[in-house]
Amino acid sequence: QGRLVESGGGLVQTGDSLRLSCSAPERTVGNYRMAWFRRSPGKERDFVASIVWTSDAGAYADSVKGRFTISRDIANRTIYLQMDFLKPEDTGVYYCAGRRFGRSQYELWGQGTQVTVSS
């Protein structure tokens, strides 16, 4: 309870698809912006995509536009990240995050799920 729990990571090949899931606590629905971040080897944790529960419009990092799709299932309180046409540079630990409206920082974080894309 009260935590973000990711699932769906794994080892895939270049060009493959993968879908990540993030189970969110009820209090985030309607009150939080939800997002996916990733930490690639040797890099900082970077923004990937975000969405609000009340709209299906997502925001994306330039590096994933046209390949990744963020979506939400309100009834199941789940955020998804559909990743298509995966590249080796997409490799990293993917984190689900939540930011309450009006706050500048994401304060809810999951434990992360590993995605590895082999060439």
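These numbers come from a predicted model, not from an experiment. Just so you know, these numbers use all the heavy atoms, side chains as well, and skip hydrogens, waters and symmetry mates.
- With a 4.5 Å cut-off on side-chain heavy atoms, V64 and R38 count as touching.
- Cation-pi geometry between R67 and F85 is not met at under 6.0 angstrom from the ring centre and within 45 degrees of the axis.
- R99 has its side chain out of reach of L108: every pair of non-hydrogen atoms, C-beta onward, lies at least 4.5 Å apart.
- Counting heavy atoms from C-beta on, the side chains of R19 and S71 never come closer than 4.5 Å.
- Listed for the T116 side chain is no donor-acceptor partner under 3.5 Å among the backbone atoms of T91.
- Looking at L81 and V48, their side chains come closer than 4.5 Å, going by heavy atoms from C-beta outward.
- Residues D16 and L18 are not in side-chain contact: their nearest non-hydrogen atoms beyond the backbone lie 4.5 Å or more apart.
- Between atom CG of residue D56 and atom CD1 of residue I70 there is a gap of 11.5 Å, rounded to the nearest 0.5 Å.
- The distance from atom CD1 of I74 to atom CD of E26, rounded to the nearest 0.5 Å, is 12.0 Å.
- For the pair I79 and W53, the minimum side-chain heavy-atom distance is below 4.5 Å.
- Distance CG/D90 to OG1/T14: 9.0 Å, rounded to 0.5 Å.
- For R3 and W109, the positive end is not near the middle of the six-membered ring at less than 6.0 Å and at most 45° from its axis.
- Scanning both residues, L20 and G9, for their nearest heavy atoms gives CD2-N, 3.6 Å.
- The number of heavy-atom neighbours closer than 6.0 Å to CD of E89, taken from other residues, nucleotides and ligands shown, is above 12.
- Taking the six-membered ring wherever Trp is involved, the centroid distance between the rings of Y60 and F47 does not fall below 6.0 Å.
- Of all non-hydrogen atoms in Q114 and V93, the two that sit nearest each other are OE1-CG2, 3.2 Å.
- Side-chain contact between S50 and Y106: present, with at least one pair of heavy atoms (C-beta onward) separated by less than 4.5 Å.
- Within the model, atoms OG of S21 and CG of N76 stand 10.0 Å from one another, a figure rounded to the nearest 0.5 Å.
- M83 and F37 are not part of a single hydrophobic cluster, where members link through side-chain heavy atoms under 4.5 Å apart.
- Closest non-hydrogen pair, F101 versus G30, comes out as CE1-O, 3.4 Å.
- For the pair R45 and Y95, the distance from NZ or CZ to the six-membered ring centre is under 6.0 Å and the angle to the ring normal is within 45 degrees.
- Counting all heavy atoms, side chain and backbone alike, A24 lies closest to T28 at CB-OG1, 3.7 Å.
- The aromatic rings of F68 and Y94 sit tilted relative to each other, their planes meeting at an angle between 30° and 60°.
- A donor and an acceptor atom, one from each side chain of Y32 and R27, are located under 3.5 Å apart.
- Ion pairing of K65 with D62 is present here, as a side-chain N (NZ or NE/NH1/NH2) and a carboxylate O approach within less than 4.0 Å.
- In this structure, the separation between CE on M34 and OG1 on T78 is 10.0 Å, given to the nearest 0.5 Å.
- Checking side-chain atoms of E6 against main-chain N and O of G112 turns up a donor-acceptor pair under 3.5 Å.
- For D84 and S17, the side-chain atoms include at least one donor-acceptor pair closer than 3.5 Å.
- Contact detail for V52 and R72: the closest heavy-atom pair is O-NE, 3.6 Å.
- In this structure, the side chains of V12 and S118 stay at 4.5 Å or more apart for every pair of heavy atoms.
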